[in-house]
Enquirer: 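The structure under discussion is supplied below as structure tokens; questions concerning it will follow.
Computed over heavy atoms, backbone and side chain alike; hydrogens, waters and symmetry mates excluded. Starting from 1, each residue takes its place in the sequence as its number.
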Amino acid sequence: MCAHKDGGNVPRGTIGTLNLWLGIAGHLALWAAMYAAGVAIILGAFLGRPVGGLGILYVVLCAHSGYIFDRVKFRDADLDPADLMADPGRHVFLRRSAKWLRVLMIAEWIGAAAVGVVVSPVLGGVVLGGVIAGYVYSGWRPGKGKRLKDLAGLKALLVACAVVGLGLAAVVGPEIGWNVGALLKLVGELPWVVLGGVWLIVCGDAVVCDLDDLTSDGVFSTRSFPVLMGARRAGVVAAGLLVVGGMMVAFGRGGGGEGFDVSRVMFSGMIALSGVGIMRLEKRRDWIDGRMLLVVLIVSILGR
């Protein structure tokens, strides 16, 4: 901590500039992409199948392009008015940058497919599936008919499926390729309690993020958990998901066949405590996204 409360040792404008760049990183979905990378890394660790550098790059490219697609779509006509209402500063910035972001998005899809094929043939196909899923999730023309994310309770559940599914594909893709027999064998070997716990944690995080969108989701008929049950009850549900998911991760049988594991206990505790703490803030999304990879790195270093 700085000994001078007036900030005399800090150059004027430094903190404001730092906050500006951190905010822009959030606008550009960098924290969200780091969240997905963190989930992939921790899944690999818990499953006893560490994900390699190319696998992490694949996840980052897929996740970042997917979040950019959700935010800027293919055309200005498809932009979601609920986004602008939920966070005007973010989405004014994104709309001004939409043309080059769409070029980046397509380049990342191509890059992800190329990297994916190198890691495992099946991962190249997952990119196309992700594009289709993103289209179905967020819809072509917001406000004209229901999208999947608008249906009761599905918004957080689908986000959890996408993030955990992407991470799992990067972890096990090199092992199975197109071999159906290997896939079926792997299904019987995976620690589903631990996997389910990670899914519940990601779902809980998504509910916390949806608290930021309570008003806009309500106006535009997206029936997220906060819209369905109110902020207070949704907060209780999110906390419950984080705690229960954490317990499943901490005490479920891991990929190596072991039960209790220090790193899984550390991860679960840090994720649950930080998630509940962030819930008390006003702008939660970037904090939720940014803390995942940080926790994973700390656990990777200290939990060995």
Enquirer: What's the shortest heavy-atom distance between S263 and V299, and which atoms?
Expert: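 So the two residues come closest at O-CG1, 3.4 Å.
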Enquirer: If you round to the nearest 0.5 Å, how far is CH2 of W21 from CG of L28?
Expert: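 With rounding to 0.5 Å, CG (L28) is 9.5 Å from CH2 (W21).
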Enquirer: Nearest heavy-atom pair of V202 and A160: which atoms, and what distance?
Expert: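 It is CG1-CA, 3.7 Å.
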Enquirer: State, with a plain yes or no, whether a side-chain heavy atom of V126 is found less than 4.5 Å away from one of Y58.
Expert: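 V126 vs Y58: side chains touch.
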Enquirer: Hey, are the side chains of V295 and M266 touching, using non-hydrogen atoms and a 4.5 Å cut-off?
Expert: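 No - every pair of side-chain heavy atoms lies 4.5 Å or more apart.
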Enquirer: Report, one line per pair, each donor and acceptor closer than 3.5 Å where one atom sits in a side chain of residues 205-217; sequence neighbours left out.
Expert:
| unit_1 | atom_1 | unit_2 | atom_2 | d |
| --- | --- | --- | --- | --- |
| D205 | OD1 | R291 | NH1 | 3.3 |
| D205 | OD1 | R291 | NH2 | 2.9 |
| D205 | OD2 | Y35 | OH | 2.6 |
| D205 | OD2 | R291 | NH1 | 2.8 |
| D210 | OD1 | K155 | NZ | 3.3 |
| D212 | OD1 | R284 | N | 3.3 |
| D212 | OD1 | R284 | NH1 | 2.8 |
| D212 | OD2 | R284 | N | 2.9 |
| D212 | OD2 | R285 | N | 3.0 |
| D213 | OD2 | K155 | NZ | 3.3 |
| D213 | OD2 | R285 | NH2 | 2.7 |
| S216 | OG | D213 | O | 3.2 |
| D217 | OD2 | K155 | NZ | 2.9 |

Enquirer: Can you sort out the partners of H64 under ring pair (Phe, Tyr, Trp, His ring centres under 6.0 Å), two or more places apart, ordered by chain and number?
Expert: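 Scan of H64 (ring pair (Phe, Tyr, Trp, His ring centres under 6.0 Å), adjacent residues dropped) gives none.
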Enquirer: Could you measure the distance from the CG atom of L158 to the OH atom of Y137? Nearest 0.5 Å is fine.
Expert: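 Those atoms lie 7.0 Å apart.
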Enquirer: So if you build clusters from Ile, Leu, Val, Met, Phe, Trp, Tyr with side-chain heavy-atom gaps below 4.5 Å, do V131 and V117 land together?
Expert: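 No, because V131 and V117 fall into different hydrophobic clusters, even though each may have its own neighbours under 4.5 Å.
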Enquirer: Spell out, as yes or no, whether a donor-acceptor pair under 3.5 Å connects the side chain of Y67 to the backbone of A32.
Expert: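 Not a single qualifying donor-acceptor pair exists.
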Enquirer: Find out whether I68 and L104 are in side-chain contact, i.e. whether some heavy atom of one side chain is under 4.5 Å from a heavy atom of the other.
Expert: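 I68 vs L104: side chains apart.
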Enquirer: Count I, L, V, M, F, W, Y as connected when their side-chain heavy atoms are under 4.5 Å apart, and connections chain through other members. Are L84 and F220 then in the same cluster?
Expert: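 Different clusters.
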Enquirer: Please examine the side chains of V296 and V39, heavy atoms only from C-beta on, and report whether any two atoms are closer than 4.5 Å.
Expert: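 In short, these two side chains do not touch, never coming nearer than 4.5 Å.
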Enquirer: Kindly indicate whether the side chain of D78, heavy atoms from C-beta on, has any atom under 4.5 Å from the side chain of Y135.
Expert: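 No. Closest side-chain heavy atoms not under 4.5 Å.
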Enquirer: Okay, side chain of S120, backbone of G173: is any donor-acceptor separation there less than 3.5 Å?
Expert: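 Yes; at least one donor-acceptor contact below 3.5 Å.
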Enquirer: Under 4.5 Å between side-chain heavy atoms, hopping through other hydrophobics if needed: is there a path connecting V103 to L94?
Expert: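 Different clusters: V103 never reaches L94 through Ile, Leu, Val, Met, Phe, Trp or Tyr contacts under 4.5 Å.
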Enquirer: I need the minimum non-hydrogen distance between A63 and A36, along with the two atoms involved.
Expert: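 Nearest pair, atom of A63 first, then A36: CB-CB, 3.5 Å.
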Enquirer: What's the spacing between I201 CD1 and M247 CE if we round to 0.5 Å?
Expert: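 These two atoms lie 12.0 Å from each other.
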Enquirer: Search all heavy atoms of L168 against all heavy atoms of L43 and return the closest pair with its distance.
Expert: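 Smallest interatomic distance, heavy atoms only, reads N-CD1, 3.8 Å.
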Enquirer: So which atom in W31 and which in G290 form the shortest heavy-atom distance, rounded to 0.1 Å?
Expert: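 Looking at all heavy atoms of both residues, the closest pair is CB-N, 4.0 Å.
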Enquirer: When you compare the side chains of T222 and D150, does any donor N or O come within less than 3.5 Å of an acceptor on the partner?
Expert: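 Short answer, yes.
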Enquirer: Restricting to non-hydrogen atoms, name the atom on L242 and the atom on I271 that form the minimum distance, rounded to 0.1 Å.
Expert: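 Where L242 meets I271 most closely, the heavy atoms are CD2-CG2, 4.3 Å.
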Enquirer: Do F46 and F267 make the cut of ring centroids closer than 6.0 angstrom?
Expert: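 So the answer is yes for these two rings.
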Enquirer: Going by heavy atoms in the side chains, are V193 and F251 under 4.5 Å from each other?
Expert: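 Not in contact.
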Enquirer: If we only count heavy atoms from C-beta on, is the K149 to L154 side-chain gap below 4.5 Å?
Expert: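 Heavy-atom side-chain distance check fails, nothing below 4.5 Å.
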Enquirer: Salt bridge check: are E189 and R49 linked by an N-O gap of less than 4.0 Å?
Expert: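 Looking at E189 and R49, the cut-off is met.
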Enquirer: I'd like to know whether L22 forms a side-chain contact (heavy atoms from CB on, under 4.5 Å) with D286, so could you lay out the CA-CA distance, the side-chain angles of the two residues, the decisive distance to 0.1 Å, and finally the verdict.
Expert: CA-CA 9 Å; L22 290 175; D286 287 352; over 6 Å; no
Enquirer: Check for a donor-acceptor pair, side chain of R264 on one end and backbone N or O of G252 on the other, with a separation under 3.5 Å.
Expert: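 At least one qualifying donor-acceptor pair exists.
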Enquirer: Take I41 and V51, measure what side-chain contact (heavy atoms from CB on, under 4.5 Å) needs, and give me the verdict at the end.
Expert: CA-CA 6 Å; I41 292 169; V51 62; 4.2 Å; yes
Enquirer: For the pair F93 and H27, name the ring-plane relationship: parallel under 30°, tilted 30 to 60°, perpendicular over 60°.
Expert: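 F93 and H27: tilted rings.
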Enquirer: Would a 4.5 Å heavy-atom cut-off, applied to side chains only, mark K283 and D87 as touching?
Expert: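 Yes; the side chains approach each other to less than 4.5 Å.
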Enquirer: Quick one: are the ring centres of F74 and F69 less than 6.0 Å apart?
Expert: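 Yes, they do, as the ring centres are separated by less than 6.0 Å.
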Enquirer: Under the criterion side-chain contact (heavy atoms from CB on, under 4.5 Å), I'd like the reasoning laid out for M34 against L294: C-alpha separation, chi angles, the key distance, then a yes or no.
Expert: CA-CA 9 Å; M34 289 170 59; L294 178 61; over 6 Å; no
Enquirer: Let me know which of R102, R95, K99 forms a side chain to side chain donor-acceptor pair (under 3.5 Å) with D76.
Expert: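 Considering R102, R95, K99, a side chain to side chain donor-acceptor pair (under 3.5 Å) with D76 is found only for R102.
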Enquirer: Applying side-chain contact (heavy atoms from CB on, under 4.5 Å), run through C62 and V127 and close with a yes or a no.
Expert: CA-CA 7 Å; C62 287; V127 176; 4.0 Å; yes
Enquirer: Hydrophobic cluster membership, with links at side-chain heavy-atom distances under 4.5 Å among I/L/V/M/F/W/Y: are V227 and M229 in one?
Expert: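 No: no chain of side-chain contacts under 4.5 Å links V227 to M229.
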Enquirer: Report whether I288 and L281 are members of the same hydrophobic cluster (ILVMFWY, side-chain heavy atoms less than 4.5 Å apart, transitive linking).
Expert: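 Yes, I288 and L281 fall within the same hydrophobic cluster.
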Enquirer: Using a 3.5 Å distance criterion without hydrogens, assess whether the side chain of W192 forms a donor-acceptor pair with backbone atoms of V187.
Expert: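 A pair under 3.5 Å: yes.
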